[in-house]
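Remember, predicted model here, so these are calculated numbers, not experimental data. For the numbers below, each heavy atom of this structure counts, side chains included, while hydrogens, waters and symmetry mates do not.
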Protein chains: 2
Amino acid sequence: MDANVSVEDRANSAPADAAGASTAMPSYSDPQAGQRRYQQALIEAGLLIPSGVDGVYGRSAVFEAIADGLNVAVTALGADQRAEVMRFPPAMSRQDFEASDYLKSFPQLAGTVHSFCGSDRDHHRLLARMEAGEEWADEQRPTRVVLTPAACYPIYPAVARRGPMPPQGLVVDVLSYCFRHEPSIDPARMQMFRQREYVRLGDAGQIIAFRQLWMERGQQLATMLELPHEVDVANDPFFGRGGKIVADSQRELKLKFELLIPINEGAPPTACMSFNYHMDHFGQVWTLRTADGEPAHTGCVGFGIERLTLALLRHHGFDLSLWPKDVRATLGGL
Amino acid sequence: MDANVSVEDRANSAPADAAGASTAMPSYSDPQAGQRRYQQALIEAGLLIPSGVDGVYGRSAVFEAIADGLNVAVTALGADQRAEVMRFPPAMSRQDFEASDYLKSFPQLAGTVHSFCGSDRDHHRLLARMEAGEEWADEQRPTRVVLTPAACYPIYPAVARRGPMPPQGLVVDVLSYCFRHEPSIDPARMQMFRQREYVRLGDAGQIIAFRQLWMERGQQLATMLELPHEVDVANDPFFGRGGKIVADSQRELKLKFELLIPINEGAPPTACMSFNYHMDHFGQVWTLRTADGEPAHTGCVGFGIERLTLALLRHHGFDLSLWPKDVRATLGGL
């Protein structure tokens, strides 16, 4: 089961999705109106800069200061984890990506990178098509890289290449821009956004304990940030007719929890953190081995940096100087 | 003229390229051997983490600390610029990208993002092709986004959307991962790498003065970092048979200078900063207007964060505690 599409919420994509929620949700008559209002307010305040494409925005200095502050807070919270820091660019090997089964579960979200590999003559044809207003990007050829779908994806094959892990397993600290092809006016549903994660690799017991610890710490962080929140069991947006069965099974096995915070007025709360147990799925597909040669189990806690930033701006306002002193201190003295 | 493929050097790509250099270069018998040696040393030291694709690497905590230190140093150097900070994700609107003429000049380097947009049935076919080991990525459809080719590209159309600029023009501070499709074993030629830039938008006189100032500051920074360096006129890697003519014209008009630092043993020095004057090219293609309605001129100084990090590691060694005290102070007290 491909449980690692972290920081994706079922609740905020479309009203119909909320049917899957386990708790009784209030009814949301027009979530899009609230999303649009918040998107416009952020743009008018200069916090987000439009790019001409829904879900792709520039960030202002203030937005980035909050995002940096969140990373400071997460680092402080994980200081005892002896995590190995790995920072991958927002792309990974297509071969590793193919092995992950992401395309089985979420083909609609993945982004592959294509480039022009032709001759002078091919180049002239490409330009002629572009100038005539025709589609030209289909003259591009697939490259060996794809965009990172979740910040932790590149690290599993990288760790697997080292051979079996030490007996205590491993904690990895990751941060990356991720891509998901889901254009939306919802400012909390970007096509490119950052995930900060701690990833635990080891045996089942180690992962379960890690996830429990971080479910508590996640709530602790939300409390310190003075954000209203609730934790709930969740599922990923599996594709197609078969997707519902997989999603139901994921919920039944409680493989994914999310920490939800209200962001858009009149819309369901948004998943801003997720707590995932992948069982031995990644251990199997990437031949990731524990010290005694068994397929490793893995899990992760993901912090949606953009979503948490938007939640802070929503609840404490656009003027940082007016934010509660304790919240600013938690964010590294913002 | 599309002069803004900053922080790309002609000298370090392949021996034949060095023919374009204006100064007499020593002969480099086997640059690839030096590139391979440095790549392997960085991987063995854990500074770079292989991804299975040449030019796509994870970075260690130490590598990132140096990169962060470089950004601190650049920020300090530009503190008087009253720059507006804009941080775009590593993708931009395909429509804006098409307008830029990048595809005329550098089609071989661009990366477009493609996604699956089909039905359950199409999904089964895609998976069947992947499982049979066939190419499947050509079932993807082009999306509305492309990868950012140079950190400043997204900002020109964003500024243009605001209408005419104020009389003093604008300085923008940008940082982004960029993509160039040029797989290489040279650790200083990555497919995904970060550019930090200051971008000047205004009239011709403002741009020329800005570029002159930053050519001096760039050398000052290299001196403070105790890195051997030289500044030279340069050209971008224009595509195809017509490319050489455009490149020659770019050199003749002195539109691009680079600050070169030796990185790979036995190979030509690598462009680690670039100082570019785009004349009114971007002003024309993106309808970017000065206060009096004229097409704006633009220019930028680009700092190749990965290349500068690699240069520091090359010249001061892999043990940061042994680096010169002044260098560490310049990097924010690393």
Side-chain angles (χ1 to χ4, degrees), chain A residues 49-53 56-61 63-64 84-96 98 103-104 107-117 120 123 126-127 130 135 137-138 140 142-145 147 154-155 157-158 161 177 179 181 183 190-193 239-241, chain B residues 49-53 56-61 63-64 84-96 98 103-104 107-117 120 123 126-127 130 135 137-138 140 142-145 147 154-155 157-158 161 177 179 181 183 190-193 239-241:
Chain A
I49 305 160
S51 75
V53 174
V56 179
Y57 308 96
R59 283 86 165 139
S60 73
F63 193 102
E64 288 297 287
E84 179 177 344
V85 173
M86 291 192 193
R87 296 285 181 265
F88 274 84
M92 66 183 289
S93 146
R94 182 148 72 100
Q95 196 176 335
D96 286 340
E98 288 176 4
L103 283 168
K104 279 191 193 156
Q108 78 281 19
L109 299 176
T112 49
V113 178
H114 296 223
S115 283
F116 173 77
C117 304
D120 254 316
H123 185 217
L126 185 153
L127 293 179
M130 185 170 72
E135 182 55 77
D138 54 3
Q140 307 272 95
T143 70
R144 293 185 61 204
V145 300
L147 294 179
I155 70 111
R161 283 186 192 99
Y177 260 105
F179 175 80
H181 186 240
M190 296 192 187
Q191 293 198 67
M192 296 210 87
F193 57 94
F239 179 78
R241 272 178 298 179
Chain B
I49 304 160
S51 75
V53 174
V56 178
Y57 308 95
R59 282 86 164 140
S60 73
F63 193 101
E64 288 298 289
E84 179 177 343
V85 173
M86 291 191 193
R87 296 285 181 264
F88 274 84
M92 66 183 289
S93 146
R94 183 148 72 99
Q95 195 177 336
D96 285 341
E98 288 176 4
L103 283 168
K104 279 190 193 157
Q108 78 282 20
L109 299 176
T112 48
V113 179
H114 296 223
S115 283
F116 172 77
C117 304
D120 253 316
H123 184 217
L126 184 153
L127 293 179
M130 185 170 73
E135 183 55 78
D138 54 3
Q140 306 274 95
T143 70
R144 293 185 60 203
V145 300
L147 293 179
I155 70 111
R161 283 187 193 99
Y177 260 105
F179 176 80
H181 187 239
M190 296 191 187
Q191 294 198 65
M192 295 211 86
F193 57 94
F239 179 78
R241 273 178 298 180

Once you round to the nearest 0.5 Å, how far does [atom1] of [X] lie from [atom2] of [Y]?
X	Y	atom1	atom2	result
B/H123	A/Q108	NE2	CD	8.0 Å
B/Q140	A/T112	CD	OG1	4.0 Å
B/S51	A/R94	OG	CZ	13.5 Å

Where is the tightest heavy-atom contact between [X] and [Y], given as atom of each residue plus distance?
X	Y	answer
A/A158	B/I49	CB-CG2, 3.8 Å
A/P90	B/P90	CG-CG, 3.6 Å
B/A91	A/M192	CB-SD, 3.2 Å
A/V53	B/R144	CG2-O, 3.8 Å

Between [X] and chain B, which part of the residue has a heavy atom less than 4.5 Å away: side chain, backbone, both or neither?
X	value
A/V145	side chain
A/P154	neither
A/E64	side chain
A/Y177	side chain
A/R161	side chain
A/P157	neither
A/M86	both

Tell me, out of [options], who's got the most heavy-atom pairs with chain B below 4.5 Å.
options	answer
A/A61, A/P107, A/A137, A/A110	A/P107
A/G240, A/G52, A/C117, A/S115	A/S115
A/Q95, A/M130, A/M92	A/M130

Next on the checklist: Quick check: do A/P142 and B/H114 have side-chain heavy atoms less than 4.5 Å from each other?
Outcome noted: no
Checklist entry - Are A/F179 and B/P89 close enough that some pair of their side-chain heavy atoms sits under 4.5 Å apart? => result no
Checklist entry - Checking B/R87 side chain against A/F63 main chain: does a donor-acceptor pair fall under 3.5 Å? => result no
Next on the checklist: Donor-acceptor pair, distance only, cut-off 3.5 Å: does the side chain of B/D120 make one with the backbone of A/R241?
Outcome noted: yes
Checklist entry - How far apart are the C-alpha atoms of B/F116 and A/L103, what are their side-chain angles, what is the distance that settles it, and do they pass the side chain to side chain contact (heavy atoms under 4.5 Å, CB included) test? => result CA-CA 9 Å; B/F116 172 77; A/L103 283 168; 5.8 Å; no
Checklist entry - What's the verdict on side chain to side chain contact (heavy atoms under 4.5 Å, CB included) for A/L147 and B/L147, showing C-alpha distance, side-chain angles and the deciding distance? => result CA-CA 10 Å; A/L147 294 179; B/L147 293 179; 3.7 Å; yes
Next on the checklist: Does B/L127 form a side chain to side chain contact (heavy atoms under 4.5 Å, CB included) with A/K104? I'd like the steps, not just the answer.
Outcome noted: CA-CA 7 Å; B/L127 293 179; A/K104 279 191 193 156; 3.8 Å; yes
